[in-house]
Undergrad: 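The structure that follows is given in the form of structure tokens.
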There are 2 protein chains.
Amino acid sequence: MKKSSILIIEDNVDIRENISELLMLSGYTTYEAPNGKLGVTMALERLPDLILCDIMMPELDGYGVLHILSKHQQTLHIPFIFLTAKAEKTDMRRGMTLGADDYITKPFDESELLVAIENRLKKSHHKLEFATVGGQFNDLFAHKVIKTYGAKQLIYTEGDTPAYIYFLHQGKVKIVKMNKDGKEVVLELCSNDDFFGYWGVLEDQNHQETAEVLEDSVIWQIPVEDFTLLLVHNREVSMRFLKLLSKNLLLKENKMLELAYESVRKRVANALVALSDIYAVNGHFCMRVPRELIASMAGTSVETAIRMLSEFKADAYIDIASSEITILNYEMLKKAPF
Amino acid sequence: MKKSSILIIEDNVDIRENISELLMLSGYTTYEAPNGKLGVTMALERLPDLILCDIMMPELDGYGVLHILSKHQQTLHIPFIFLTAKAEKTDMRRGMTLGADDYITKPFDESELLVAIENRLKKSHHKLEFATVGGQFNDLFAHKVIKTYGAKQLIYTEGDTPAYIYFLHQGKVKIVKMNKDGKEVVLELCSNDDFFGYWGVLEDQNHQETAEVLEDSVIWQIPVEDFTLLLVHNREVSMRFLKLLSKNLLLKENKMLELAYESVRKRVANALVALSDIYAVNGHFCMRVPRELIASMAGTSVETAIRMLSEFKADAYIDIASSEITILNYEMLKKAPF
DNA sequence: CGGCATATTGAAGAACATCAAGTAAAGTGG
DNA sequence: CCACTTTACTTGATGTTCTTCAATATGCCG
């Protein structure tokens, strides 16, 4: 498999060459640009598979580069990662909202950078499935609005009229439904690259669920008109969503069976497994999850959920240290009755 | 609204004219044919909106008429109702399997006939949505196989590889899912004109559920290849199933909430409401339903379901006479906590 | 460091499942 | 068509599971 090419836009020579060397050692082809203007030229010319770009630069800063490249059809879909010294949140937000795919703060260690790059290359593949070139309606993401949300923000609530359908570019979102007593069930946990909020659109119904952000997230909003148009006129899109819907349906059928007849113990165990699949990526099986989330995933009360956690701790399937849960025995939790 | 035209094929003059008169009084236009051969000619010529046809006739019997008309594109979709003296099951089965839409046994009373005709006229409308004329793949029902199933027969079970998707032409079918302890949840109750068994097809998965017939049913089987082809090539079909899927999804989300937090009492009440919507048509709110079905709809044990039924009986919301349930207070059952 | 939110444990009781036993209904074969 | 068998329905008693209310503990934030 051919290794990808990466463009590095960075004014500091030391840093630039350092990164370049690292990437070449990993087998990537690299291009270097010492400022924003040259960076843009080079990007348009070489069409790299990914762009790393500093924010603070003479001539043209990183935001400018991103802005210009997002205006060109050829460079629009190239994964774009910001490099920055300051780790300020507002800063990151601005970059993300402009359409950057990721954000790495200097100083970074090598593996951090390499992992981020690999992730983005993998994902760009996925998104391109939707970005079939052609007429004005052929791109689901053509009129996307990028937004950042903080934890606990509500994206939409039960009863809202859908204005957008959502693509979770980065972060975590829970989709919940409440009964009249105020008790919640988690219908779905969304993580990177999941679509959500499209369920009622086809029926011309208002949202029947609430979408709440679990941790800072970058969300692409797609106008419903675009969505419904593409659904009718673009086979790829309609087939994709048919599959999404039926997959979802099968998942919910399983969940129904679980809620009807499984013990709370089993349901909490399943919730933990599902959570660790989303939270505990790259090796470290640690997660800080509010107990109420676990409870509403298992369809039980908070107290009962906690009791089960205590049991699992006693059985050494998990560990809890300052309310942070560590999965010790994933397989055991997943296995039947136990 | 223009009243529909009906062709009556019947060798007995008295009966024929009797029916004709009745229908004309109801505002229908009628054509009469004294034998099968003439019936076919007339059907092709006049293209009526519905055909009533005797089975036992000289020249060409009812089965023959149906067979011939189903070979012609123009008459294929005309609702076809058999009139017959003998009410034998095997007889009815043969007719239904050939593609008749309904079956009326003589002697019949006037309202019975009129109701059957009206139902069929209403329904033919619905089916035509799928029957867009044109190329060879344009008709979802083009290669349908019509089958009759008796109560308790299994149409497919969990793990089966889908060979068909199903359209329930007449009858009732439950879609259930079992957990390892053998406990069942009803995922869906299908009645006339529902599609089922298409959920896993898009994912190339085997059936994750079991479809069991609740009462004698006529089912149209559509080869999966036809279905998947149409899904890709026919916008009407793909949009229709997108909507079906999302509607289904919303229903299941509600069911999840219910299973998680509603009391058994409420769940059993909901099950009764759902059952009466399907069983208790045209006024008489009576139904003979196995308790196990109610239990698996409510996600509880049979005993508990029965206890709730006894409670409802005591509260005069329902009545039970020789294990037949009559809904006395539909609204009350539907209303919240109570 | 105090105040607020979240997490944890305890105890009491309601809700529900299970087992057991009896009754009514529905097939079945002579 | 009837005795007989089998299946489905119904009720009671008992124990488990889970919720609820209450009290305490811990972590978090300015």
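In what follows, chains carry the letters A, B, and so on, assigned in the order in which the sequence lines appear, proteins first and then strands, with residues in each chain numbered from 1. Computed from heavy atoms alone, side chains included, the values below leave out hydrogens, waters and symmetry copies.
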Undergrad: Return the 5'-most residue of the pair A260(A), E292(A) with respect to DNA chain C, ranking by each residue's nearest nucleotide.
TA: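 Its nearest nucleotide lies further toward 5', so the answer is E292(A).
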
Undergrad: Would you say dT19(D) has OP1 or OP2 under 4.0 Å from some side-chain N or O of S301(A)?
TA: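 Yes, within the criterion.
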
Undergrad: If you measure from the Lys or Arg side-chain nitrogens to the Asp or Glu carboxylate oxygens, is any gap between E253(A) and K177(B) under 4.0 Å?
TA: no

Undergrad: Can you check the R265(A) CZ to dT17(D) C1' distance for me, whole Å?
TA: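 Nearest whole value for this atom pair: 13 Å.
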
Undergrad: If the cut-off is 4.0 Å, is S322(A) near the phosphate of dG27(D), judged by side-chain N/O to OP1 or OP2?
TA: no

Undergrad: Which of the following nucleotides, dC19(C), dC18(D), dC21(D), is nearest to the side chain of E303(B)?
TA: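 Shortest atom-to-atom distance from the side chain points to dC19(C).
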
Undergrad: When we call it a touch if two heavy atoms are under 4.0 Å apart, what does I320(A) touch: a base, just sugar-phosphate, or nothing?
TA: sugar-phosphate

Undergrad: Among side-chain atoms of N192(A) and H169(A), is any donor-acceptor pair under 3.5 angstrom?
TA: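 No - no donor-acceptor pair under 3.5 Å links their side chains.
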
Undergrad: Could you check whether the rings of Y63(A) and F82(A) sit parallel, tilted or perpendicular, using 30° and 60° as the cut-offs?
TA: perpendicular

Undergrad: So what does R288(A) hit on the nucleic acid, given a heavy-atom distance under 4.0 Å: a base, only sugar-phosphate, or nothing?
TA: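 The answer is sugar-phosphate, as R288(A) gets under 4.0 Å only of primed atoms, P, OP1 or OP2.
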
Undergrad: How many Å lie between CD on E262(B) and P on dC18(D), as a whole number?
TA: 18 Å

Undergrad: With the threshold set at 4.0 Å, does a side-chain nitrogen-carboxylate oxygen contact exist between K252(B) and E188(B)?
TA: yes

Undergrad: Tell me: CZ of R291(B) to C1' of dA26(C), nearest whole Å?
TA: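 So the CZ-C1' distance, R291(B) to dA26(C), works out to 14 Å.
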
Undergrad: Enumerate the residues from residues 305-318 of chain B whose closest heavy atom to DNA chain C is under 4.0 Å, giving them by residue number; use none for an empty result.
TA: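 Heavy-atom contacts with DNA chain C come from R307(B).
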
Undergrad: Between K183(B) and S323(B), which has a closest nucleotide on DNA chain C that is more 5'?
TA: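 First, find each residue's nearest nucleotide; the 5'-ward one identifies K183(B).
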
Undergrad: Ring centroids only, cut at 6.0 angstrom: are Y317(A) and Y330(A) within range, meaning strictly under it?
TA: no

Undergrad: If the threshold is 4.0 Å, N to carboxylate O, is there a salt bridge linking K334(A) and E331(A)?
TA: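 No, K334(A) and E331(A) are not salt-bridged.
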
